[in-house]
Number of protein chains: 2
Amino acid sequence: MTAVTRRERVEQKERAILEAAAEAFVESGYDGARMADIAKRAGVAEGTVYLYFKTKTDLMRAFVADFWGDLTQRAEQAVADKGETFEALDALAAMHLQNLIERFDVVELTQSGRVRRGDTPGNREFMKAYVAVFDRIWRRGMDRSELIETAVHWQARDIFFGSLEYAARTIRLHRDRTQASVVDNLIETLKKRYAVTTKEKPSTQKSERLLQRLEAAVTRLENTSNRA
Amino acid sequence: MTAVTRRERVEQKERAILEAAAEAFVESGYDGARMADIAKRAGVAEGTVYLYFKTKTDLMRAFVADFWGDLTQRAEQAVADKGETFEALDALAAMHLQNLIERFDVVELTQSGRVRRGDTPGNREFMKAYVAVFDRIWRRGMDRSELIETAVHWQARDIFFGSLEYAARTIRLHRDRTQASVVDNLIETLKKRYAVTTKEKPSTQKSERLLQRLEAAVTRLENTSNRA
DNA sequence: CATTATTTACAAGTCAAGCTCATTTTGCGA
DNA sequence: TCGCAAAATGAGCTTGACTTGTAAATAATG
């Protein structure tokens, strides 16, 4: 418990403050949270907090970064054992939606990332590593030709994350609407648009060959019957 | 300019304050905007602002409501003369994306709608009338059987608005990515998933039957001509 | 171990910004 | 012109993020 080295003690206190902040932010939102309260929860004077985090904004940034870091780990686990592209996407979507719904407060914090005009909020800066999980699946899918060649990576990604975020809001408002159906629908939609259909193409090719043969035959027959 | 009746004067002043607030919010964001500055811009004492709007939050709410009101009008116009479901959706999507990109600052304000824990921010409260435009198109599409019967209205809506919002962010970050392609892709995706394919399904069935018949005929003819 | 130096902690105090309220000004009917 | 209610004012009040001068704890030095 009680650490020995200086470094350990410092890190321990930093964690304590961060945890206190997390509680406060989740309970009261960014504006609602009071620095004084966070200090008290961490068992530290108000001034001390500022030795570890320059501003309140900084504190929230750290908190949000932590959050997305955790999510990324979980996402990677959820996806690890999934071989086929849409299986992996399904797992990722289910995970993502679940987290969005459970911890929507934090997600909203992420996006409302206090901007005082001028400094880049990095709304999505936090999400970069997280989004990379999707990117990896997608790229692998392209390599394996499980996705059509004309698929535009970033457009698919926006559909994926965008619709899930909106769905999360909807579900929070109407508890009767199920997560599973959202994920199923999304995956179905992506499949219809982006999946390579190994069955369809060949069959049309076959019928085209057939058509050519028929046309040739008919032409020939027409000629012979005309001549006759 | 100078109004006559008391009522008119009051309304005029309210508008002046609202306009001043709009400028300030767009320039500096919610936090950056100063009530003192808004008052000065509107040519009014700071206390006066509070006679018209109870709080700063209220002021922003009014501003954002106005904004979405305008958008709704424009959306309705854009969609008015579009007959077929996906044509209308295409027009709406193009309009929406355009506005998201142009006025993203306001959209972000909408979502960061200051929450002091407890009161519903009504993120989407503003958007209700706006979203109704989509709903109308969709419902009509169902009535006309241009959409498959199993389509889930709200899920489609979330895909529509969610992906457009994310796409808007992406496009703002990478100016080279085009709006048109996003809209095309979205509509294509929705079609593949939700459109009733009155031509395709029956036609392929029909053409297959036709093919079979032709093949049989040709085979027969070939045989007879061979025999001859 | 004593002393000095440095890092860490503290909490009283500053400052800025949203909001209030006692007072003044304005406009209208009698 | 007078009276009075509605409208406007701006000097404070309050709150909460941040600063800063001071004190405690820890490390370095002789």
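Below, chain A is the first sequence line, B the second, and so on; all start at residue 1.
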Which part of the nucleic acid, if any, lies within contact of B:A39, taking any heavy atom under 4.0 Å across all strands shown: a base, the sugar-phosphate backbone alone, or nothing?
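The answer is nothing, as B:A39 stays clear of every strand by at least 4.0 Å.
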Please pick, from D:dT9, C:dA9, D:dA8, the nucleotide with the shortest atom-to-atom distance to any side-chain atom of B:V44.
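When the side chain of B:V44 is considered, D:dT9 is the closest of D:dT9, C:dA9, D:dA8.
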Donor/acceptor link under 3.5 angstrom from A:E46 side chain onto base of C:dC10:
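Check fails, no donor-acceptor contact within cut-off.
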[X] has an atom [atom1]; how far is it from atom [atom2] of [N], in whole Å?
X     : N      : atom1 : atom2 : answer
A:I38 : D:dG16 : CD1   : P     : 13 Å
A:K40 : D:dG16 : NZ    : C1'   : 14 Å
B:D31 : D:dT15 : CG    : C1'   : 16 Å
B:D58 : C:dG18 : CG    : C1'   : 13 Å
A:E14 : C:dT8  : CD    : P     : 12 Å
B:K13 : C:dT25 : NZ    : C1'   : 11 Å

Both distances under 3.5 Å, Watson-Crick or G-U wobble: on that basis, could you give the dot-bracket string for DNA chain C, with [ ] for crossing pairs and | for other-strand partners?
||||||||||||||||||||||||||||||
Out of the candidates B:F160, B:W154, B:Y194, only one should pair with B:W138 under the ring-ring contact (aromatic ring centres under 6.0 Å, His included) rule; please name it.
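Filter result, single survivor: B:Y194.
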How many angstroms lie between atom CD of A:Q155 and atom CD1 of B:I171, to the nearest 0.5 angstrom?
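So the CD of A:Q155 and the CD1 of B:I171 are separated by 8.0 Å.
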Which ones in residues 48-56 of chain A lie close to DNA chain D, meaning a heavy atom under 4.0 Å from one of its atoms?
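Close to the strand are A:Y50, A:T55, A:K56.
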Is the backbone of A:V44 close enough, under 3.5 Å, to the side chain of A:T48 for a donor and an acceptor to pair up by distance?
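No; judged by distance alone, with no hydrogens or angles, the pair does not exist.
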Pair [X] + [Y], salt bridge at N-O below 4.0 Å:
X      : Y      : value
B:E19  : B:R15  : no
A:E146 : A:R140 : no
A:D37  : A:R41  : yes

Does C:dA16 have OP1 or OP2 under 4.0 Å away from a side-chain N or O of B:R34?
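Answer no for this pair, as no side-chain N or O of B:R34 is under 4.0 Å from OP1 or OP2.
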When the aromatic ring centroids of B:H96 and B:F134 are compared, is their separation below 6.0 Å?
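Between B:F134 and B:H96, which both carry aromatic rings, the centre distance is not below 6.0 Å.
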Can you name the nearest heavy-atom pair linking B:M95 to B:R74, along with the distance?
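Looks like SD-CB, 4.0 Å.
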What orientation do B:Y30 and B:F25 show, parallel under 30°, tilted 30 to 60°, or perpendicular over 60°?
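Plane angle under 30°, so parallel.
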